[in-house]
Structure formats: C-alpha cells, structure tokens
*Asks:* 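Handing you this structure, nothing more for now.
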Amino acid sequence: MKFNITIPPKLKIEYDKELSLYKTGLSNNDLPKAWDHLERSHILGQSYPWEHSYTHYLMLKYGMLTRDTKEIFGQVIRLIVGGWKSFVNKVPIGNTGGANVPPLKTMPIPHDLKIKLESYQK
C-alpha cells in the first residue's frame, strides 16, 4: 500500500498559487471566483493529508462566511475523514471537495490541472 505524506515541491507551488488566488477572490469580494480556486486547490492537494485537510478547513470557513449550512456540515464530515483517505491513497480523483458533490465521486480533472498533476507527481 502506498502512503502519501508530502506533496511534491513543484506541485506545492501550484497548490499555493490556487490558495493565493482564492484569497485574492475573497479580498475582492468575488466569492464565486474564490470558491473556484478552492476547488482547484482541492484537486491539486487531495492526495496529500495536510493540503487536503487544509483545503477542507478553508471550505468550512467559506461555508461559515456565506452562512451555507449544507457546506458547513459537509466540510465537518470531510475534515474528519479526508486526511486519512489521502494518507492511504484512497481519494476520488478530480473531486472538487465541496458539499455540492458526493464525497466519493470521481470527477474529470480540468485539462490544465491534469497536466500539472501528471508532470509534478513523477
């Protein structure tokens, strides 16, 4: 069984870029754009426990900011199990991480992120 502990350095840079764009969206009060970048950070970081859990933590905070009870509840559940699933490499690839999608659903990866994942995970 493969255990995931640390995100590859080049992939971490891309993950951090998405989080930076998320924060920019928040500061500009562009909530849909901010959320889009949180989902993208989830796709990039979901195979690594710390990044996966941190993205769900930010999604929880986003749910609180927007007073979205479905998102808040969904993120609490995901925070409990998400990091462990990453550690043992059992995540649904491409899943965007929000409460608006089933937590175990595999989803298509946006083309630009797919290229980054394929090149940086080697």
Side-chain angles (χ1 to χ4, degrees):
M1 177 183 295
K2 178 184 175 195
F3 295 106
N4 290 334
I5 299 170
T6 306
I7 190 170
K10 290 182 180 178
L11 187 56
K12 175 81 164 108
I13 291 168
E14 298 299 331
Y15 171 82
D16 288 342
K17 283 181 190 175
E18 292 298 334
L19 292 183
S20 178
L21 291 167
Y22 159 71
K23 291 173 186 171
T24 300
L26 277 185
S27 66
N28 292 334
N29 205 29
D30 188 347
L31 298 181
K33 187 173 194 117
W35 181 255
D36 180 55
H37 289 291
L38 262 186
E39 289 181 321
R40 290 171 57 84
S41 74
H42 183 269
I43 292 167
L44 292 173
Q46 74 183 74
S47 292
Y48 307 95
W50 170 251
E51 289 77 14
H52 192 185
S53 297
Y54 185 64
T55 300
H56 282 300
Y57 166 73
L58 292 176
M59 289 178 164
L60 173 62
K61 284 179 61 175
Y62 182 93
M64 292 173 159
L65 175 71
T66 58
R67 296 189 169 112
D68 183 339
T69 54
K70 180 180 177 185
E71 196 62 50
I72 293 167
F73 180 73
Q75 292 309 321
V76 168
I77 299 301
R78 286 160 175 82
L79 273 166
I80 293 169
V81 287
W84 289 107
K85 292 190 73 71
S86 299
F87 181 68
V88 297
N89 202 34
K90 297 291 182 192
V91 295
I93 301 301
N95 188 292
T96 54
N100 60 328
V101 296
L104 301 177
K105 181 179 182 177
T106 299
M107 300 171 72
I109 300 172
H111 182 69
D112 66 315
L113 296 184
K114 187 173 186 173
I115 290 170
K116 292 171 184 178
L117 285 166
E118 288 172 354
S119 65
Y120 296 150
Q121 288 182 329
K122 293 179 181 176

*Asks:* Can you tell me how far the CG atom of L21 sits from the CG atom of D30, to the nearest 0.5 Å?
*Replies:* 11.5 Å
*Asks:* Quick one: side-chain contact (heavy atoms from CB on, under 4.5 Å) partners of D112, sequence neighbours excluded?
*Replies:* R40, P110, K116
*Asks:* Strictly distance-based, threshold 3.5 Å: is any side-chain N or O of S20 a donor or acceptor partner for the main-chain N or O of D16?
*Replies:* no
*Asks:* Determine whether I7 and I115 fall in the same hydrophobic cluster, where Ile, Leu, Val, Met, Phe, Trp and Tyr are linked whenever their side-chain heavy atoms lie under 4.5 Å apart.
*Replies:* no
*Asks:* Going hydrophobic residue to hydrophobic residue with side-chain gaps under 4.5 angstrom, can you get from L65 over to L58?
*Replies:* yes
*Asks:* Check step by step if side-chain contact (heavy atoms from CB on, under 4.5 Å) holds for E39 and E18.
*Replies:* CA-CA 9 Å; E39 289 181 321; E18 292 298 334; over 6 Å; no
*Asks:* Determine whether Q46 and H52 satisfy the following criterion, side chain to side chain donor-acceptor pair (under 3.5 Å), listing intermediate values before the conclusion.
*Replies:* CA-CA 4 Å; Q46 74 183 74; H52 192 185; 6.0 Å; no
*Asks:* For the residue pair W35 and Y62, categorise the inter-ring angle as parallel (less than 30°), tilted (30 to 60°) or perpendicular (more than 60°).
*Replies:* tilted
*Asks:* Do Y57 and M59 belong to the same hydrophobic cluster, where Ile, Leu, Val, Met, Phe, Trp and Tyr are linked whenever their side-chain heavy atoms lie under 4.5 Å apart, directly or via other members?
*Replies:* yes
*Asks:* Kindly work out whether a path of hydrophobic side-chain contacts (I/L/V/M/F/W/Y, heavy atoms less than 4.5 Å apart) joins M64 to I77.
*Replies:* no
*Asks:* If you count heavy atoms of other groups shown closer than 6.0 angstrom to NZ of K12, is the number above 12?
*Replies:* yes
*Asks:* Is a donor from one side chain sitting under 3.5 angstrom from an acceptor on the other, for T55 and Y15?
*Replies:* yes
*Asks:* Is there a path of hydrophobic side-chain contacts, each under 4.5 Å between heavy atoms, that joins Y22 and I13?
*Replies:* no
*Asks:* Under the side-chain contact (heavy atoms from CB on, under 4.5 Å) criterion, do L44 and Y120 qualify, and how do the steps go?
*Replies:* CA-CA 10 Å; L44 292 173; Y120 296 150; over 6 Å; no
*Asks:* Would you name the heavy atoms of I5 and P49 that are closest together and state the gap between them?
*Replies:* O-CD, 4.0 Å
*Asks:* Indicate every side-chain donor-acceptor pair of residues 92-109 with a distance under 3.5 Å to a residue at least two apart or in another chain.
*Replies:*
from, atom 1, to, atom 2, distance (Å)
N95, OD1, G97, N, 2.7
N95, ND2, P102, O, 2.9
N95, ND2, K105, O, 2.8

*Asks:* Which value, rounded to the nearest 0.5 Å, describes the distance between L38 atom CG and L31 atom CG?
*Replies:* 10.5 Å
*Asks:* Can you name the one residue among R78, H42, K61 that meets side-chain hydrogen bond (donor to acceptor under 3.5 Å, both in side chains) with H56?
*Replies:* H42
*Asks:* What is the distance from atom CG of L19 to atom OH of Y54, rounded to the nearest 0.5 Å?
*Replies:* 6.5 Å
*Asks:* Please name the pair of heavy atoms, one in A34 and one in G25, separated by the smallest distance, quoted to 0.1 Å.
*Replies:* CB-C, 3.9 Å
